Amino acid sequence: MPVLERSGPLQSGLCQLEWIHTVCEGSELFGGPSVDVELPDSLGERQIEEAVSLLVARHEVLRTTFVQDESGHAVQQVWHPERVRLRPSDDSLRAPFRIEKEWPVRAAVTQQGGGHRTLTLVMAHIAVDAWSMDILLRDLRTILNAIACGELPELPPVVHHPVDQARLERSERMRAVRARNLRFWEEEFRHLPGVPFAVPVIPPEVGYHHVLLDSWALGPALTRIRRRLSVPSAFLAAVALAVSAVSGQDRIALATSWSSRTSRPTRQMMGTVTRDLVLAIGVPRDSRFQDMAGSAMHASLRAARRSDCDVLELLEAEARAGRHRGARTHPGVFVNFHYDAEAEAEAESADGDGDSSADLASLLTRGRTERRHLPPVPFEDGPHLLYMSAAPGPEGRPQLFLSANDAVLDADGALALMLRVERILVRFADDPHLACAEFLPDPGVRDGVRDTGWVTVDGSWADLRLIETALREHPGVTGARAFTDDGGSLRAAVTVEGSDTDAFALRRFLLNKVGPRHALVVPDHFLINGELGETGSGSEPPSARFARPAAGREQALHDAVIRACGLEAVSMYDGYVEAGGRLAGVPKVLELLARQGLTGLRFNDFRLPCDLSALAARLRS
């Protein structure tokens, strides 16, 4: 019988999203990582199991289950070490993990050509992320080599585990830090540029272009760049510059991962403590790339200093900002950098290939690209528009990966953007005075934007035609025209008949349509039959505060939110977060609704700026 060693809360990070999606939707948000390690010929099956068992005994997170307590909160249960048995190398190895019942690691031995064998480890993403893989691989190889030599592995002790991290994050002394950081992000989200691409609607079935580049030039280029600047910051700046060249925006928001595994106690700790932080990077046409990269570095450090916060609370702040702004705040552009330029420089020096005079431009032609298209499939959770990463390839060279939404870039455009990022970094390695303008088209020439009703509002694309079409769907609206005034504010002139057509009602009507799939932005001001109506951007009319929910689905959602979140009252005119609902309480809300036979809502629905009555309309029996 397994024996429970200890338990504790869940650490703050992307693992919170993994857990809550598993509870609400029955599956992990991201597929778990896997790794193949070549085995020494001398090791038998029992010795391989011993090596995996030692790894699992060393890292608590690999023998942890993730359950829900009576109040609906996540709990980590750490079990005493046991021998880990090898599994068959078949489809079951990569089946979805049942994180509430099984340990988040599976092991199998795979026979390769030439008599070689590899140890394959498959893990749940809630326990092991990309940042953890270096720790895992280093420890596993040390253990395997020691056992192959008939010795005990010598590894420094792990003094800090995810349960320890979770308790520290929720300690009394960290409460003020979390509150201060949350206030920082609430203000940051209010001024964050939104989606950089002028795309009115993302189709319900989403296809993606995937491009992989094995770059010969990028490794030496990053080694040179490292001598004068942070390499991850240069990569972020290169992606921002490339996206600016395509989109025409001069301020690009990117979501990038940040790991709190940087302090001395956490360096040996595996576990998903990574957070996605959003940075806004300016792309001034008349500046040097070095200055732009320096600004990206400062933005990264500024965000990192504020990274100690609960991820669900961070998403709540984003939801409040979205409702205030009348638009989706997240840019849908993700950038990750996992390539160690310092290790590459040491390897080149040891091999005698670190010649600073090497012609990097000639290496650009040696890069090899692979392209494939993922056919459209239903995607319900707000698709990413662009994802780009740098990581070591099979031979240690930098490998760039890009995934672009069909609605944003076609196949040639995806490849061109990736090659532009590579070329920017290679040019910068050769020329520290490189000008941004070299990679930007003439101002205002982005295809189709100037004459098709697109404007930028607070750094976000807004489609005036989309706003007008959405307003005309209101039964009391007979005409609508969207425009920007001299101050850059977004306005709508509306001709109306009948009731429920004041500024508050029109704003509420549009907010219930705002989501991650389209570029709808709610105007700041409404001209109603020629007269300026009161703005609805601050709050709903006082009468809405006391409006009772309608019987049926509205009443069921109203009661479930109050009970799950411990509230005294809520208005159905408020958004879920605005009404006081906590994202950590969403599993309980869905459970209470399911007891009444009501389904149809997903976790991400509760992050939308729409009000509770609109959410209730999505429920079905």
Side-chain angles (χ1 to χ4, degrees), residues 8-20 29-30 60-61 64 66 73-76 125-132 134-135 158-192 230 232-233 236 253-281 296-321 329-330 334-338 577 582-585 607:
L10 188 63
Q11 71 269 22
S12 178
L14 293 182
C15 57
Q16 288 181 294
L17 289 181
E18 290 286 356
W19 180 81
I20 211 161
L29 180 60
F30 304 108
E60 284 186 0
V61 73
T64 297
F66 302 85
H73 295 125
V75 175
Q76 300 183 82
H125 196 273
I126 193 171
V128 181
D129 58 14
W131 293 89
S132 305
D134 290 341
I135 301 171
V158 178
V159 297
H160 199 75
H161 295 276
V163 171
D164 305 309
Q165 180 74 8
R167 289 173 176 168
L168 174 63
E169 289 171 342
R170 284 160 177 75
S171 64
E172 188 64 29
R173 72 183 182 90
M174 286 295 293
R175 180 175 297 180
V177 174
R178 294 202 314 272
R180 183 178 68 243
N181 291 348
L182 191 61
R183 289 194 297 270
F184 165 84
W185 286 109
E186 285 179 331
E187 187 64 21
E188 197 78 358
F189 285 135
R190 287 177 182 266
H191 304 288
L192 194 71
S230 160
S233 299
L236 281 174
L254 307 170
T256 186
S257 62
W258 178 267
S259 173
S260 65
R261 199 182 296 102
T262 54
S263 63
R264 186 177 298 275
T266 60
R267 286 176 190 165
Q268 294 291 327
M269 186 188 81
M270 277 174 39
T272 48
V273 293
T274 300
R275 299 166 175 84
D276 274 343
L277 303 181
V278 183
L279 313 174
I281 301 177
M297 180 175 67
H298 289 302
S300 299
L301 293 175
R302 182 168 170 259
R305 283 196 296 269
R306 302 296 188 180
S307 65
D308 283 324
C309 52
D310 185 284
V311 164
L312 296 182
E313 291 178 353
L314 191 71
L315 296 180
E316 290 168 6
E318 185 185 331
R320 284 190 291 270
T329 59
H330 199 287
F334 297 85
V335 181
N336 285 327
F337 187 86
H338 298 304
V577 172
R582 304 304 304 273
L583 291 180
R607 298 169 53 189

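As the structure is a prediction and not an experimental result, all values here were calculated from the model.
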Looking at side-chain heavy atoms only, is the closest gap between [X] and [Y] below 4.5 Å?
X      : Y      : answer
Leu17  : Leu315 : yes
Leu314 : Phe189 : yes
Ser300 : Leu279 : yes

Point-to-point distance, once rounded to the nearest 0.5 Å, from [atom1] of [X] to [atom2] of [Y]:
X      : Y      : atom1 : atom2 : answer
Arg305 : Asn181 : CZ    : CG    : 10.5 Å
Cys15  : Leu10  : SG    : CG    : 4.0 Å
His161 : Thr266 : NE2   : OG1   : 12.5 Å
Leu236 : Ile281 : CG    : CD1   : 5.0 Å
Trp19  : Thr272 : CH2   : OG1   : 13.5 Å
Ile20  : His73  : CD1   : NE2   : 9.5 Å

Any idea which heavy atoms bring [X] and [Y] closest together, and the distance?
X      : Y      : result
Val577 : Ala319 : CG2-CB, 4.0 Å
Trp258 : Leu277 : CB-CD1, 3.7 Å
Gly271 : Ser132 : N-OG, 3.3 Å
Leu14  : Val311 : N-CG2, 4.3 Å
Ser12  : Cys309 : OG-O, 2.7 Å
Met269 : Val273 : CE-CG1, 3.5 Å

Set of residues satisfying salt bridge (Lys or Arg N to Asp or Glu O under 4.0 Å) with respect to [X], sequence neighbours excluded:
X      : value
Asp164 : Arg6
Arg170 : Asp310
Arg175 : Glu172

Contacts of [X] that satisfy side-chain hydrogen bond (donor to acceptor under 3.5 Å, both in side chains) - sequence neighbours left out:
X      : answer
Arg582 : Glu313, Glu316
Glu188 : Arg302
Arg167 : none
Gln76  : Gln11

Mind checking side-chain contact (heavy atoms from CB on, under 4.5 Å) for [X] and listing every partner two or more places apart, or none if nothing turns up?
X      : answer
Ser230 : Pro232, Ser233, Met297
Ile135 : His59, Arg138, Asp139, Arg261, Met270
His338 : Ala130, Trp131, Ser257, Asn336, Ala391
Ala280 : Leu192, Pro193, Arg251

Verdict with reasoning, Arg275 to Glu169, per salt bridge (Lys or Arg N to Asp or Glu O under 4.0 Å): CA-CA 14 Å; Arg275 299 166 175 84; Glu169 289 171 342; 3.2 Å; yes

Pairing residues for His125 by the ring-ring contact (aromatic ring centres under 6.0 Å, His included) criterion, not counting sequence neighbours: Phe30

